[in-house]
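Counting convention: from 1, in listed order, for ligands and their atoms alike.
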Amino acid sequence: MSATLPPGTSESRPVLPPDLRARKGQAPLVVLTAYTTPMARLVDAHCDVALVGDSLGMVVHGLPSTLGVTMEMMILHGRAVTRGLSRAMAVIDMPFGSYEESPQQAFRNASRILMETGAAAVKLEGGVHMAETIAFLGQRGIPVMAHIGLTPQAVNTLGGYKVVGRDAEAERVMADARAVEAAGAFSVVLEKVPVGLAARITQGIAIPTIGIGAGVHCDGQVLVLDDMLGLFTEFRPKFVKRYADLGQSAGEAIAAYADDVRHRRFPGAEHGFADILPGKKP
Ligand code: KIV
């Protein structure tokens, strides 16, 4: 499938945070996670943003949650992803424990992420209580994508990966959206927020909303790449649409290889190299 460049973007220069912000209310923004160079290349051809999400802890490293993800992991995968991008913007998640303590701690770690990976922006979780940090980073040259609603790094305080923003909680999520907008975030991820509330937030703030499990009215959508490709199968959230079943295809390919090796069907003559006998030309 050929690349589908969104309106207002060009192949000759990468998307930057102000471009994304300026596309509020226009054609939906397309975001996918990526963790490696080959996947980043595929994402780059079709998406506006390649998000190096801390979901990599679960889908790549087999951790039970995102809480064990480190700065070193984010930087390593961030570097791999930026190497594969020529147009899409790289946004890198700040891992748990790297920004919550103070704006200064957040600046130290966010600047390291940008310097060592070449990414354009960071993402961090939190609304009203992170507004001061978002403003501090923005004033010092670090664009921030905020993340509110279900914030997986707070799974232990939230009590699970539940929908956030039903009933009385809705106004708190709305206040979070307004706070990150006022603090200068250039966009905000809404995770597992009811569809109507996500629509109200999208209409009520001037920065793009990127939904995951937040319905069709957001300014853009994001999915975890390994979920939508069927590579991560341990659990499947309701909001994931599977566009491929690569996990099953890979399993079948590995089984066929193992069978071929055991029955000496691989390697074939075409995979080998001819001997050169002494005194004979090749
Ligand atoms: O870590 C991640 O992949 C994310 C997306 C789910 C938004 O934060």
Legend entry - Ser55 N/O to ligand 1 N/O under 3.5 Å: yes
Inset, instruction - Evaluate whether atom CD of Glu234 has more than 12 neighbouring non-hydrogen atoms of other residues, nucleotides or ligands under 6.0 angstrom away. - result: no
Legend entry - Nearest atoms (heavy-atom pairs only) where Arg13 meets Arg87: O-CG, 4.0 Å
Inset, instruction - May I ask you to check whether over 12 heavy atoms, not counting those of Glu101, lie within 6.0 Å of atom CD? - result: no
Inset, instruction - Report the nearest protein non-hydrogen atom to atom 7 (C) of ligand 1: residue, atom name, distance rounded to 0.1 Å. - result: Leu51 CD2, 3.7 Å
Inset, instruction - For Thr70 and Pro95, work out which heavy atoms get closest and say how close. - result: C-CG, 3.8 Å
Legend entry - Element-labelled atoms of ligand 1 that are located less than 4.0 Å from some non-hydrogen atom of His147: 8 (O)
Inset, instruction - Report the nearest protein non-hydrogen atom to atom 6 (C) of ligand 1: residue, atom name, distance rounded to 0.1 Å. - result: Ile212 CD1, 3.6 Å
Inset, instruction - Keeping to residues at least two apart or across chains, list the salt bridge (charged side-chain N to carboxylate O under 4.0 Å, His left out) pairs with something in residues 121-141. - result: Asp93-Lys123
Inset, instruction - Would you give the length of the straight line joining atom CG of Leu67 to atom CD of Gln153, rounded to the nearest 0.5 angstrom? - result: 7.0 Å
Legend entry - Numbered atoms of ligand 1 (with element) below 4.0 Å of Gly53, judged on heavy atoms: 1 (O), 2 (C), 3 (O)
Inset, instruction - Pick one of side chain, backbone, both or neither for how Thr66 approaches ligand 1, counting any non-hydrogen atom pair under 4.0 Å. - result: neither
Inset, instruction - Could you tell me whether Ile210 approaches ligand 1 through its side chain, its backbone, both or neither, with non-hydrogen atoms closer than 4.0 Å? - result: neither
Inset, instruction - State the atoms of ligand 1, each with its element, that fall below the 4.0 Å cut-off from a heavy-atom position in Asp93. - result: 1 (O), 2 (C), 8 (O)
Legend entry - Within reach of ligand 1, part of Thr33 (heavy-atom separation under 4.0 Å): side chain
Legend entry - Phe266 atom CZ: more than 12 heavy-atom contacts under 6.0 Å: yes
Inset, instruction - Check ligand 1 against Lys123 and write out every atom of the ligand that is under 4.0 Å from a heavy-atom position of the residue. - result: 4 (C), 8 (O)
